[in-house]
Amino acid sequence: LNQKRLTKNEYYDYKKQNKKYTDDLFPPNDTSIYSQTPTGEFRDQKSGQKLKESLDSLLKKDSKIYKIEWERISDRPYFNKIYNEKISHEQIEQGSLGDCYLISLMASISHFPDLIIGKKDVDTPHILYNYDFWDIGYYELMFFIDGEFKIVIIDDFIPFVKEKGITIFANSSENYFWVNLVEKAYSKICGGYTSVDLISKSENKNKESYDHFQIFTGFKYEKFPFYD
């Protein structure tokens with residue numbers, strides 16, 4: 001995640017060359033979906049194979065075989081804004097990924113928009129940290145990782161079902177693509193879309209579960225037991 005951030009001069013070079021940014025560390029191909037190594041091996045065989053079978057089933061319907069195609073979501077005519085004036089839980093829809101905990105977390109945090117889009121003219125930690133260069137497909141999101149806030153860099157390539165023109169994973173009911181960007185950035189943290197619930201096994205083996213809420217907010221948490 002210690003990726004070099006884009007400078008303004010580099011941004012202007014992209015503009016002059018009429019090019020867009022592509023994140024080579026989380027490329028728009030199957031390795032990012034199935035949490036595979038560059039040679040195509042699953043980082044977690046069970047989880048990767050399970051999602052692959054699930055997606056294969058999804059893509060084989062009505063006697064047709066659909067294909068996954070990565071497209072820049074900002075180039076889609078109906079995804080023309082990252083967000084509008086209002087961040088809302090009603091904008092969030094779960095896709096084919098079994099990350100309901102992540103979707104629920106985003107829905108909860110959306111009640112506190114400053115945690116997502118920040119405050120005007122105040123430089124405080126927030127998730128959509130820098131999207132000044134969004135017109136070239138470059139985004140910086142901020143998460144609390146290993147005890148400090150860190151920048152996670154992504155592009156805006158999102159996997160779509162080619163023939164249907166719909167996203168495979170998280171989506172927004174109002175076609176604002178901040179939801180897609182947040183899910184993609186968190187998937188990059190975890191090593192791939194299939195690994196969004198496996199980071200606890202890879203980095204915190206002594207914990208029962210990874211503190212997803214703290215990753216998104218930086219806040220400390222307290223557990224309250226509930227009894228029947």
Side-chain angles (χ1 to χ4, degrees), residues 1-6 21-56 58-59 68-73 92 94-106 109 125 127-129 137-160 167-171 177-218:
L1 295 179
N2 295 321
Q3 207 167 346
K4 183 179 178 295
R5 299 172 66 182
L6 204 68
Y21 174 81
T22 299
D23 180 12
D24 294 333
L25 295 186
F26 201 67
N29 57 39
D30 284 356
T31 62
S32 297
I33 293 179
Y34 301 117
S35 307
Q36 294 172 316
T37 65
T39 57
E41 298 175 348
F42 292 116
R43 289 189 171 89
D44 185 278
Q45 181 66 34
K46 184 177 179 181
S47 175
Q49 190 62 44
K50 184 177 180 180
L51 181 61
K52 190 175 190 310
E53 292 172 359
S54 175
L55 287 181
D56 285 347
L58 177 70
L59 296 169
I68 295 176
E69 183 172 75
W70 291 77
E71 297 185 36
R72 290 192 182 274
I73 196 166
I92 305 168
Q94 185 176 0
S96 301
L97 196 62
D99 61 350
C100 56
Y101 75 91
L102 182 61
I103 300 300
S104 299
L105 176 57
M106 284 195 282
I109 294 176
I127 297 171
L128 295 175
Y129 186 69
Y138 174 92
Y139 305 82
E140 295 180 352
L141 287 79
M142 181 175 285
F143 296 90
F144 192 77
I145 305 170
D146 297 331
E148 61 180 318
F149 284 102
K150 293 183 178 180
I151 297 294
V152 177
I153 297 169
I154 60 170
D155 58 34
D156 56 9
F157 276 107
I158 300 294
F160 282 78
T167 58
I168 297 175
F169 301 131
N171 199 6
F177 59 92
W178 70 270
V179 178
N180 309 81
L181 297 178
V182 173
E183 185 187 51
K184 179 173 184 175
Y186 194 65
S187 297
K188 181 178 179 178
I189 293 172
C190 298
Y193 280 93
T194 61
S195 297
V196 291
D197 61 346
L198 295 175
I199 194 169
S200 59
K201 297 178 182 179
S202 62
E203 294 188 7
N204 289 270
K205 296 180 179 179
N206 297 325
K207 289 186 177 183
E208 292 182 7
S209 63
Y210 200 78
D211 186 8
H212 306 283
F213 178 80
Q214 192 171 49
I215 291 177
F216 273 70
T217 65

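The side-chain hydrogen bond (donor to acceptor under 3.5 Å, both in side chains) test applied to Thr22 returns Arg72, not counting sequence neighbours. Under the side chain to side chain contact (heavy atoms under 4.5 Å, CB included) criterion, Thr217 pairs with Ile109, Leu115, Phe213, Phe219, not counting sequence neighbours. When the side-chain hydrogen bond (donor to acceptor under 3.5 Å, both in side chains) test is applied to Asp23, the partners found at least two apart in sequence or on another chain are Gln3, Lys188.
For the pair Val182/Tyr139, no side-chain contact is recorded, criterion being any heavy-atom separation below 4.5 Å from C-beta on. Between Leu102 and His212 there is no side-chain heavy-atom pair separated by less than 4.5 Å. For the pair Leu141 and Tyr129, the minimum side-chain heavy-atom distance is 4.5 Å or more. The side-chain heavy atoms of Ile153 and Lys4, taken from C-beta on, include no pair separated by under 4.5 Å. Side-chain atoms of Ile127 and Met142, non-hydrogen and from C-beta on, never get closer than 4.5 Å to each other. Looking at Phe26 and Ser187, their side chains come closer than 4.5 Å, going by heavy atoms from C-beta outward. Using a 4.5 Å cut-off on side-chain heavy atoms (C-beta onward), Phe149 and Phe143 make no contact.
Shortest non-hydrogen contact noted between Pro159 and Ile33 is CB-CD1, 4.1 Å. Residues Ile154 and Leu181 approach most closely at CD1-O, 3.4 Å, considering heavy atoms. Shortest non-hydrogen contact noted between Arg5 and Tyr138 is CA-OH, 3.4 Å. Contact between Ala170 and Asn180 at its shortest, heavy atoms only, is O-ND2, 2.8 Å.
Here the CD1 atom belonging to Ile158 is positioned 9.0 Å from the CZ atom belonging to Phe177, to the nearest 0.5 angstrom. For the atom pair CG (Asp155) and CD1 (Ile73), the distance works out to 11.5 Å, reported to the nearest 0.5 Å.
Taking the six-membered ring where the residue is Trp, Tyr186 and Phe216 present tilted rings, their angle falling between 30° and 60°.
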Derivation of the side-chain contact (heavy atoms from CB on, under 4.5 Å) call for Trp178 and Ile92 = CA-CA 9 Å; Trp178 70 270; Ile92 305 168; 3.7 Å; yes

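Between the side chain of Ser32 and the backbone N or O of Pro28, no donor-acceptor pair lies under 3.5 Å.
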